[in-house]
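Residue numbers count from 1 along this sequence. Remember, it's 1-based here, ligands and their atoms both numbered in the order they're listed.
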Amino acid sequence: MASSNVTWHESSLSKDVRRVQNGHHSFVIWFTGLSGSGKSTAANAVAAKLYKDGISNYVLDGDNIRHGLNKDLGFSEDDRKENIRRIGEVSKLFVDSGQVVLTAFISPFQADRDIVRDLLDEDEFIEVYVKCSLEECEKRDPKGLYQKARNGLIKDFTGIDSPYEEPKNPEFVLETDRFSIEECVDQLVNYLTERNFI
Ligand SMILES: Nc1ncnc2c1ncn2[C@@H]1O[C@H](COP(=O)(O)OS(=O)(=O)O)[C@@H](OP(=O)(O)O)[C@H]1O
Ligand SMILES: Nc1ncnc2c1ncn2[C@@H]1O[C@H](COP(=O)(O)OP(=O)(O)O)[C@@H](O)[C@H]1O
């Protein structure tokens, strides 16, 4: 049920003031892609590089968030939608706090990713398509989940019996089946630098 009798309380410290103190812009790097495509690996590697350069950041990762905040959600279409909606709202709070947030969720539906985009300003959302063929993801199978899905032990598994909608117009594409982790990090950090995000 929608909340009633609630009033927005403006913060006495604005996003701009926090950005000035941190000495950098705040925004979301939204990694989307199949399970095993490299979202967590890339997000954490980029985060480490940003941290080293003095940029305050935090990684929100699907597997981890589903242990806590979103432990009540499964993998139906509605639950995935709610998962992404909540993460969008959490990401907005991080941006408000002056930090860079890197999210690593499959986020398979374009409409849900667009809802997050619309929550933020134009210079606050970078959609990164972590592109990797299903064949390669299955070969990697870092958690053995594809094997389980193929054996019918997990249902609604993305790429097997649940859809993944490729981003229509992402800001950036990381081809993790063509380039090494180090190359992918360099490519994305170069993009962020050239566009004055960092
Ligand atoms: N049915 C099914 N489909 C896809 N993934 C599954 C499923 N069941 C469990 N897992 C594990 O959950 C991780 C994906 O969670 P996300 O929150 O990123 O998914 S989603 O954005 O809501 O679609 C995913 O993590 P990654 O492999 O890091 O993507 C899996 O470890
Ligand atoms: N260029 C690359 N970028 C990211 N991961 C890569 C790359 N090349 C190989 N990998 C490997 O692919 C796997 C990706 O796993 P993970 O990051 O957990 O994916 P996801 O979070 O999308 O499920 C890791 O074992 C990682 O070492």
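Contact annotation: the side chain of D112 never approaches that of S107 to less than 4.5 Å [non-hydrogen atoms, C-beta and beyond].
Between A104 and ligand 2 there is no heavy-atom distance shorter than 4.0 Å. In this structure, S107 is part of the shell of residues with a heavy atom less than 4.0 angstrom from ligand 1.
When hydrogens are left out, the protein atom nearest atom 27 (O) of ligand 2 is I181 CD1, 3.8 Å; that is the closest non-hydrogen contact. From the protein, the heavy atom lying nearest to atom 23 (O) of ligand 1 is R80 NH1, 2.8 Å. Closest to atom 8 (N) of ligand 1 among all protein heavy atoms lies F75 CE1, 3.3 Å. Protein heavy atom in closest approach to atom 16 (P) of ligand 1: R66 NE, 3.5 Å. Protein heavy atom at the shortest distance from atom 27 (O) of ligand 1 is S35 OG, 2.5 Å. Remark: minimum distance from atom 11 (C) of ligand 1 to any protein heavy atom is reached at D63 OD1, 3.7 Å. In this structure, the protein non-hydrogen atom closest to atom 18 (O) of ligand 1 is I106 N, 2.9 Å. Scanning the protein for heavy atoms near atom 26 (P) of ligand 1, the closest one is K143 NZ, 3.2 Å. Closest protein heavy atom to atom 2 (C) of ligand 1: F157 CD1, 3.3 Å.
Interface of S35 with ligand 2, defined as ligand atoms under 4.0 Å from a residue heavy atom, comprises 23 (O). Atoms of ligand 2 lying under 4.0 Å from any heavy atom of S180, numbered from 1 in the order shown and given with element: 1 (N). Atoms of ligand 1 found under 4.0 Å from any heavy atom of K155, numbered from 1 in the order shown, are 1 (N). Within ligand 2, the atoms closer than 4.0 Å to a non-hydrogen atom of T41 are 4 (C), 5 (N), 14 (C), 15 (O), 16 (P), 17 (O), 24 (C), 26 (C), numbered from 1 in the order shown. Per-residue contacts place L34 under 4.0 angstrom from the following atoms of ligand 2 (heavy atoms of the residue considered): 22 (O).
Residue-to-ligand polar distances keep G62 apart from ligand 1: every N/O pair is separated by 3.5 Å or more.
Side-chain polar atoms of E194 and N190 form no donor-acceptor pair below 3.5 angstrom. A side-chain donor from one of D61 and S40 sits under 3.5 Å from a side-chain acceptor of the other. For the residue pair Y129/S37, the side-chain donor-acceptor check at 3.5 Å is not satisfied. When only modelled atom types and interatomic distance are considered, R18 and Q21 share no side-chain donor-acceptor pair under 3.5 Å. Between the side chains of S26 and Q99, no donor-acceptor pair of N or O atoms lies under 3.5 Å.
Aromatic ring pairs are classed by plane angle as parallel below 30°, tilted from 30° to 60° and perpendicular above 60°; the pair Y146 and F157 is perpendicular. Taking the six-membered ring where tryptophan is involved, the planes of F27 and F197 are tilted, since the angle between them lies from 30° to 60°.
In this structure, atom 25 (O) of ligand 2 has no protein heavy-atom contact shorter than 4.0 Å.
With a heavy-atom cut-off of 4.0 Å, C184 touches ligand 2 through its side chain alone. With a heavy-atom cut-off of 4.0 Å, K39 touches ligand 2 through backbone and side chain alike.
Residues L60 and F125 share a single hydrophobic cluster, defined by chaining ILVMFWY side chains whose heavy atoms lie under 4.5 Å apart.
Summarising the local packing, OH of Y51 is surrounded by 12 or fewer heavy atoms from other residues, nucleotides or ligands at distances under 6.0 Å.
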